[in-house]
2 protein chains.
Amino acid sequence: MFSIGELSKRTKVKVPTIRYYEEMGLLAEAERTSGNQRRYDKAGLERLSFIRHARDLGFSIEAISSLIELQEHPDRSCETATDIAVSQLVDVREKIKRLKLLEKELTRISKGCDGHGISEDCYVLASLADHKLCGREH
Amino acid sequence: MFSIGELSKRTKVKVPTIRYYEEMGLLAEAERTSGNQRRYDKAGLERLSFIRHARDLGFSIEAISSLIELQEHPDRSCETATDIAVSQLVDVREKIKRLKLLEKELTRISKGCDGHGISEDCYVLASLADHKLCGREH
DNA sequence: TCTTGAACCTCTAGTCACTAGAGACATTAC
DNA sequence: GTAATGTCTCTAGTGACTAGAGGTTCAAGA
C-alpha cells in the first residue's frame, strides 16, 4: 500500500490530477488510513497507468470511461473498444492534416519578413490581415 | 454600418464570440445605436477578419493582442511579429511530431483487434494497459 | 401606426482537463 | 517531542469560448 504521492511519482501523474480522476469516476475511491489519507495498491497503480497512457494518446476522459467500463464487463465484444480507437485515429489524422497546412503557411509567413522593415510593410501582419495571401484553404 | 449579426455572417465568427473578443480587448468597443446595439464599419470587419485568421492559425488571444499592438504602432520594427509567428511555427511542428507518433500507435492498436474477440483478449485494452507494447517513447 | 418576430442586450454559469492556493490535519524521521 | 513534509478538502482560476434566462430593440408587413 502506498500514498498518493508515491503513486504520483510512479505514474508521473500529478497528485491533484489523481484526486480529480477519482472525482470524475475514472479511479475507484481509494481506501483510506485512519487519518483519512488515500492508500493505493497494485491494482490502483495499473488503473492509473492505463488512464495516463490513454490520455497521452489524446483520449478524452469520457472515452476512457467507456474503455474502463468495457474492461469491467469482459463478456462484451471489444468492438466498441476498437471503434473508440479508430475514431481517435481518424481524429488524429485530421489534426495532422490541418497542422501541416498551418505549418506551410506559417513557414511562408515567417520567412517573408527579415525582421528589419517597419510594421506597415510587415509580411506577418499583412498575411494575417489578408487571407488572399494564403496558399489557399484553411 | 452593420449589426453584430451581419458582421458574424461576413466573418463566420459567432455573435457571442465577437462580444467575447470585445470584452478581451481584441476588438475596440463598438459604436452603439440609441437602443444600445453594436454597429460596425469596414474597419471593424477587417480587424475581426484578422483575428479570425490568426485564431485559425492557432495563435492565442494573447499573441493576437501583441500583433494588434504592433499594428497600431507602425513605427516599431516587425521583429516581434516575426518572433511570434516563428514561435507559433515551432509549436505547430512539435504538435505534428507528437501526433504522428500517436497515429502510428493508434494504427497498430486498432488493427490488432478484429472486433470479434472478447474484451479479455482485446488488443486495444491490452495496448492501453501496457505501455511496453508501444513502439516506444511518448 | 401598430404589431409581430427576429435579432439584440446583459448577466450568469457551464465546458474540458486540469492547476493553484488557503488553511487545517497526518505522517515520518530524528 | 518536534519539525518537516505530505496530505486533506474546498474554492477559484485557466483558455476560448458556448448556452441559457429574461428583457429590449429593430425592421418589415398590414
Side-chain angles (χ1 to χ4, degrees), chain A residues 1-27 29-41 44 47-48 50-68 84 87-88 91-92 95 98 102, chain B residues 1-27 29-41 44 47-48 50-68 84 87-88 91-92 95 98 102:
Chain A
M1 298 295 267
F2 38 89
S3 71
I4 196 167
E6 185 61 30
L7 184 65
S8 169
K9 249 181 240 161
R10 295 197 197 189
T11 56
K12 263 133 211 160
V13 175
K14 284 178 190 156
V15 168
T17 305
I18 296 174
R19 290 197 275 250
Y20 170 75
Y21 287 160
E22 183 183 308
E23 202 186 311
M24 292 298 103
L26 288 189
L27 286 172
E29 290 193 17
E31 280 179 57
R32 303 286 183 128
T33 64
S34 58
N36 199 33
Q37 298 196 355
R38 289 168 180 84
R39 285 299 176 268
Y40 298 89
D41 56 9
R47 169 71 76 92
L48 185 54
F50 174 91
I51 295 170
R52 177 174 152 76
H53 192 185
R55 285 292 302 134
D56 274 354
L57 291 172
F59 288 84
S60 69
I61 297 278
E62 212 194 323
I64 297 173
S65 272
S66 308
L67 290 172
I68 285 174
I84 293 172
S87 99
Q88 198 61 27
D91 222 67
V92 166
K95 275 183 195 153
R98 267 185 61 86
L102 301 193
Chain B
M1 300 294 265
F2 37 86
S3 70
I4 196 168
E6 185 61 28
L7 184 65
S8 169
K9 251 181 237 161
R10 294 197 198 188
T11 57
K12 264 133 212 162
V13 176
K14 286 181 190 155
V15 168
T17 305
I18 297 173
R19 290 196 276 250
Y20 170 75
Y21 287 160
E22 184 183 310
E23 202 186 309
M24 293 299 101
L26 289 190
L27 286 172
E29 291 195 14
E31 281 180 55
R32 304 285 184 129
T33 63
S34 57
N36 199 34
Q37 297 195 358
R38 289 169 180 84
R39 285 298 176 268
Y40 299 89
D41 56 11
R47 169 70 78 89
L48 186 54
F50 175 92
I51 295 169
R52 177 174 152 75
H53 193 184
R55 285 292 303 133
D56 275 354
L57 291 171
F59 289 84
S60 70
I61 297 279
E62 211 191 325
I64 297 172
S65 272
S66 309
L67 291 172
I68 285 174
I84 292 171
S87 100
Q88 193 63 28
D91 222 66
V92 166
K95 276 183 196 155
R98 264 185 63 84
L102 302 194

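Every chain is numbered from 1 and lettered A, B, ... according to where its sequence line falls, protein lines coming before strand lines.
- A:Arg19 places its CZ atom 8 Å from the P atom of D:dT7, with the value rounded to the nearest Å.
- Remark: C1' of D:dT25 and CD of B:Glu31 are 18 Å apart, rounded to the nearest angstrom.
- Atom pair B:Lys14:NZ and D:dA16:P shows a separation of 16 Å (rounding to whole Å applied).
- The number of heavy atoms from other shown groups lying within 6.0 Å of CD (A:Glu6) is above 12.
- Formation of a donor-acceptor pair under 3.5 Å by the B:Arg52 side chain with backbone atoms of B:Thr11 is found in this model.
- Here the P atom of nucleotide D:dT7 and the CE atom of A:Met1 are 14 Å apart, to the nearest Å.
- Looking only at side-chain heavy atoms (C-beta outward), A:Ile68 and A:Arg47 come within less than 4.5 Å of each other.
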Chi angles and distances behind the salt bridge (charged side-chain N to carboxylate O under 4.0 Å, His left out) call for A:Arg19, A:Glu23: CA-CA 6 Å; A:Arg19 290 197 275 250; A:Glu23 202 186 311; over 6 Å; no
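- B:Ser3 has its side chain out of reach of B:Arg38: every pair of non-hydrogen atoms, C-beta onward, lies at least 4.5 Å apart.
- By the 4.5 Å heavy-atom criterion applied to side chains, A:Ile18 and A:Tyr40 are counted as neighbours.
- Chain A approaches DNA chain C over the interval C:dA17 to C:dT27, counting the first and last nucleotide 5' to 3' with an atom under 4.0 Å from its heavy atoms.
- Atom CZ in B:Arg52 sits roughly 16 Å away from atom P in D:dA16 (whole-Å rounding).
- The CD1 atom of B:Ile61 sits 19 Å away from the P atom of D:dG13 (whole-angstrom rounding).
- Where B:Asn36 and B:Ser60 each meet DNA chain D at their nearest nucleotide, the meeting point lying more 5' is that of B:Ser60.
- Within the nucleic acid shown, B:Arg55 comes within 4.0 Å of sugar-phosphate atoms alone, with no base atom in reach, counting heavy atoms only.
- Straight-line distance from the CZ atom of A:Phe2 to the P atom of D:dT7: 12 Å, rounded to whole Å.
- Of the side-chain N and O atoms in B:Thr17, one or more sit less than 4.0 angstrom from OP1 or OP2 of D:dT18.
- The interatomic distance linking B:Arg39 (CZ) with D:dT25 (P) rounds to 13 Å, in whole Å.
- Taking every heavy atom of both residues into account, A:Tyr21 and A:Ile61 meet most closely at CE2-CD1, 3.7 Å.
- At least one side-chain nitrogen or oxygen of A:Arg38 sits closer than 4.0 Å to the OP1 or OP2 atom of D:dC8.
- The side chain of B:Thr33 places an N or O atom within less than 4.0 Å of a non-bridging phosphate oxygen (OP1 or OP2) of D:dC26.
- Nearest heavy-atom pair across B:Ile84 and B:Ser66 is CD1-CB, 3.6 Å.
- Contact between B:Ile51 and B:Leu26 at its shortest, heavy atoms only, is CD1-CB, 3.7 Å.
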Hey, what are the protein-to-nucleotides 1-6 of chain D N/O distances that come in under 3.5 Å?
unit_1: D:dG6; atom_1: N2; unit_2: A:Gln37; atom_2: NE2; d: 3.4

